Colleague: 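Shown below is the structure under consideration.
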Amino acid sequence: MRKGLLGPSLKLSVPASSDQASFSKFLTESGTFKDGDLLVNRDGVRIVSQSEMEPPPPNPIMPIDNQLSLADIDTIKVVGKGTGGVVQLVQHKWTNQFFALKEIQMNIEESMRKQIAQELKINQSAQCPYVVVCYQSFYANGVISIILEYMDGGSLADLLKKVKTIPEANLAAICKQVLKGLMYLHHEKHIIHRDLKPSNLLINHRGEVKITDFGVSAIMESTSGQANTFIGTFNYMSPERINGSQRGYNYKSDIWSLGLILLECAMGRFPYTPPDQSERWDSIFELIETIVDKPPPTAPSEHFSAEFCSFISACLQKDPKDRLTAQELMGHPFVSMYDDLHIDLGAYFSNAGSPLATL
Ligand code: ATP
Ligand code: MG
C-alpha cells in the first residue's frame with residue numbers, strides 16, 4: 001500500500017563545514033538541499049550515506065528561492081506537546097509567514113532511516129486543501145523537524161476541551177471536510193492515516209479542518225520500541241488493527257477512527273466507558289479487550305438525528321468489510337442534511353476559545 005521506491009537519484013553535494021548541528025543548508029546546482037544525511041529537493045526527501053556523497057562544491061550557494069531553512073525561522077512560542085516532542089509556532093524571517101515546526105526526538109537506527117525518509121516524502125507530496133501542508137522536513141542529531149502549515153485554531157482535541165460537545169450541524173460541516181481529506185488520502189494517494197484522532201485534526205479561523213500527521217504515525221509505529229509512543233493511541237484504533245486479524249489492514253481502519261471521533265465530539269466524552277460504572281480503565285488492556293470483544297458504541301437515538309446515528313453505525317462496524325468507504329460516506333444523508341444552515345465554522349472556532357494566536 002505504501003510501497004514505492006525513494007525518489008530518483010539526485011545530484012549531491014556536501015556542506016563545506018562538517019558541523020551538521022548548525023543546520024546549514026546548501027543549494028546544489030540541481031536545486032537540492034542537504035542537511036545532516038537527509039537530502040531534500042522538490043522531488044522529495046532522501047537519506048544519503050556518507051559513501052554516496054561527492055566532494056563539496058568550491059562555492060556553496062545559500063538558498064535564495066522558496067525553500068525553507070531552519071536558519072531562516074524565528075521561534076514565537078510552543079503551541080502544543082505530543083508524545084514525541086513539541087510543536088512550535090515559528091515565523092519566517094524574511095516573509096513574516098507563520099509555520100508550525102514539529103520536532104520529534106528520536107534516535108533512529110540506521111535501518112530505520114530509509115523508512116523515515118519515505119514517510120517524510122509521502123508527507124511532503126500530499127497537496128489538498130483538507131490535509132495540512134508539510135513544507136519541509138529535516139533529520140539531524142536525533143531530531144526529525146517538520147515544517148507544517150500553521151493552523152491557528154489548534155486541534156479538534158483542543159476545541160473539545162473548550163466546548164465540551166459540538167452540535168450536530170457543526171459536526172456535519174467538520175465531517176464533510178475530514179471526509180474530503182480522507183478521500184484524497186485513501187483514493188488518490190493510497191495512504192492509510194493509521195492514527196486519526198481529535199489531536200490530528202487541525203482547525204483555523206477560516207473554518208477549515210485539515211488532517212495532519214499521516215506518515216508520522218508510520219514512523220512512530222515502526223520505531224515504537226525506541227520512541228515510547230503508542231500508548232493512548234489505541235483509543236481510536238479499529239478492532240482488526242488491535243487484534244491483528246487483518247494483516248495488511250486497510251483504509252477502513254481510518255473510517256473506524258472517524259466514527260469514534262465524531263461520536264466523541266457529539267457526546268462530549270470518549271464513547272467507550274469502563275465496565276461497572278468505574279471512573280477509569282484499570283489498564284489499557286481492558287480498553288483494548290472491550291474494543292475487540294464488545295459490540296461497537298452507538299449514538300443514542302434520543303439525543304441525535306437518525307441520520308447521525310446511521311452515519312456513526314456505518315463507520316463503527318466491527319468487520320471492516322461492513323464499513324463504508326470515505327467516498328460512500330460522502331453520499332450519506334448526514335453529511336449534507338444541514339447544508340441549508342450554512343454553518344460558519346470560522347466564527348464557531350474563533351468564538352469557542354481564547355483568541356487565536358496569529359489573529
Ligand atoms: P500524539 O503525540 O500522541 O500523537 P498529538 O497529536 O497531540 O499527540 P502532536 O502531533 O505533537 O501530538 O501535536 C501536539 C499539539 O500541537 C496538537 O494537539 C495541536 O494542538 C498542536 N499542533 C500540531 N500541529 C500543529 C499545526 N500544524 N498548527 C498548529 N498547531 C499544531
Ligand atoms: Mg499529532
Side-chain angles (χ1 to χ4, degrees), residues 68 73 75-92 97-106 119-120 122-124 126-137 143-163 174 177-178 181 185 191-224 226-237 241 254 257-258 260-261 264-265 270 284 287 349-350 352-359:
L68 282 164
I73 56 177
T75 300
I76 310 283
K77 61 172 182 177
V78 172
V79 291
K81 280 197 177 70
T83 3
V86 293
V87 178
Q88 293 166 318
L89 169 63
V90 298
Q91 189 168 26
H92 192 244
Q97 202 180 334
F98 291 104
F99 295 98
L101 174 66
K102 176 167 180 153
E103 292 186 327
I104 307 168
Q105 195 85 35
M106 199 179 272
E119 297 301 339
L120 293 174
I122 289 170
N123 244 354
Q124 273 178 227
Q127 287 195 355
C128 161
Y130 306 99
V131 159
V132 172
V133 179
C134 170
Y135 292 97
Q136 207 95 97
S137 21
V143 179
I144 299 173
S145 306
I146 306 173
I147 299 182
L148 298 162
E149 172 180 9
Y150 177 60
M151 295 291 283
D152 59 14
S155 73
L156 204 61
D158 303 325
L159 177 75
L160 260 188
K161 277 189 211 121
K162 293 172 203 152
V163 300
I174 291 170
Q177 298 190 54
V178 179
L185 292 179
I191 295 171
I192 308 168
H193 188 294
R194 305 165 192 228
D195 194 20
L196 212 57
K197 55 185 175 181
S199 69
N200 284 339
L201 296 175
L202 302 183
I203 60 180
N204 68 21
H205 71 279
R206 287 194 291 271
E208 294 166 337
V209 183
K210 305 191 184 204
I211 302 173
T212 191
D213 277 355
F214 48 93
V216 173
S217 51
I219 295 174
M220 293 303 209
E221 199 167 85
S222 46
T223 56
S224 55
Q226 309 171 39
N228 182 27
T229 52
F230 255 56
I231 299 301
T233 315
F234 284 112
N235 287 27
Y236 302 90
M237 213 183 261
R241 256 196 92 185
D254 286 345
S257 313
L258 172 69
L260 270 192
I261 294 167
E264 175 171 347
C265 291
F270 184 63
I284 189 78
L287 168 64
F349 293 155
S350 305
S354 50
L356 299 167
T358 50
L359 288 180

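None of these values were measured; they are calculated from a predicted model. Read the numbers this way: they start at 1 and go in the same order the structure lists the ligands and their atoms.
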Colleague: Should the proximity of Lys81 to ligand 1, defined as any heavy atom under 4.0 Å, be assigned to the side chain, the backbone, both, or neither?
Modeller: backbone
Colleague: Please report the closest heavy-atom contact between Phe270 and Asn235, naming both atoms and the distance.
Modeller: CZ-O, 3.2 Å
Colleague: How close do Asn204 and Glu208 get, counting heavy atoms only, and between which atoms?
Modeller: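 Nearest heavy atoms, Asn204 then Glu208: ND2-OE1, 2.6 Å.
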Colleague: Does ligand 1 have a heavy atom under 4.0 Å from the side chain of Asn200, from its backbone, from both, or from neither?
Modeller: side chain
Colleague: Looking only at heavy atoms, which two atoms of Glu103 and Ser145 are closest? And how far apart?
Modeller: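 Looks like OE2-OG, 3.8 Å.
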Colleague: Which atoms of ligand 1 are found less than 4.0 Å from any heavy atom of Ala100?
Modeller: 26 (C), 27 (N), 28 (N)
Colleague: For the Mg ion (ligand 2), which protein N/O/S atoms fall under 2.8 Å? Skip waters.
Modeller: Asn200 OD1, Asp213 OD2
Colleague: Have a look at ligand 1 and work out which part of Asp213, if any, has a heavy atom under 4.0 Å from it: side chain, backbone, both or neither.
Modeller: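 The side chain, only.
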Colleague: Does the pair His193 and Asp254 meet the rule for a side chain to side chain donor-acceptor pair (under 3.5 Å), with working shown?
Modeller: CA-CA 6 Å; His193 188 294; Asp254 286 345; 5.1 Å; no
Colleague: In ligand 1, which numbered atoms sit nearer than 4.0 Å to a non-hydrogen atom of Lys197?
Modeller: 1 (P), 3 (O), 4 (O), 8 (O)
Colleague: Heavy-atom distances under 4.0 Å are what count here, so tell me which part of Glu149 touches ligand 1: side chain, backbone, both or neither.
Modeller: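 Only the backbone of Glu149 comes within reach of ligand 1.
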Colleague: So, for Val131 and Glu149, which heavy atoms are closest and what is the spacing to 0.1 Å?
Modeller: O-OE1, 3.9 Å
Colleague: Is there a side-chain contact between Ile211 and Leu196 in this structure, where contact means two heavy atoms from C-beta onward sitting under 4.5 Å apart?
Modeller: yes
Colleague: For the 3.5 Å polar cut-off, considering only N or O atoms, please tell me whether Met151 and ligand 1 meet it.
Modeller: yes
Colleague: Any N/O of Tyr150 closer than 3.5 Å to an N/O of ligand 1?
Modeller: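 Such a contact does not occur with ligand 1.
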Colleague: Answer with yes or no after comparing the ring centroid distance for Tyr150 and Tyr135 against a 6.0 Å cut-off, counting only values under it.
Modeller: no
Colleague: Does any non-hydrogen side-chain atom of Asn200 lie less than 4.5 Å from one of Lys197?
Modeller: yes
Colleague: For the residue pair Val87 and Lys102, what are the closest heavy atoms and their distance?
Modeller: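 Closest heavy-atom pair between Val87 and Lys102: CG2-CG, 4.1 Å.
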Colleague: What are the atoms of ligand 1, with element, lying closer than 4.0 Å to any heavy atom of Ser199?
Modeller: 5 (P), 6 (O), 7 (O), 8 (O), 18 (O)
Colleague: Show the atoms of ligand 1 that are less than 4.0 angstrom away from any heavy atom in Lys102.
Modeller: 9 (P), 10 (O), 11 (O)
Colleague: Under the 3.5 angstrom rule, does the side chain of Gln177 hit a backbone N or O of Gly207 as a donor-acceptor pair?
Modeller: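 Confirmed, Gln177 side chain pairs with Gly207 backbone.
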Colleague: Just to verify, what does Ser155 make a side chain to side chain donor-acceptor pair (under 3.5 Å) with, not counting sequence neighbours?
Modeller: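 Checked Ser155 against side chain to side chain donor-acceptor pair (under 3.5 Å); matches are Asp158.
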Colleague: Can you list the ligand 1 atoms lying under 4.0 Å from a non-hydrogen atom of Asp158?
Modeller: 19 (C), 20 (O)
Colleague: How long is the straight-line distance from SG of Cys265 back to CG of Leu160, given to the nearest 0.5 Å?
Modeller: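 Between atom CG of Leu160 and atom SG of Cys265 there are 4.0 Å.
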Colleague: Tell me which part of Leu202 gets within contact of ligand 1: side chain, backbone, both or neither, using heavy atoms under 4.0 Å.
Modeller: side chain
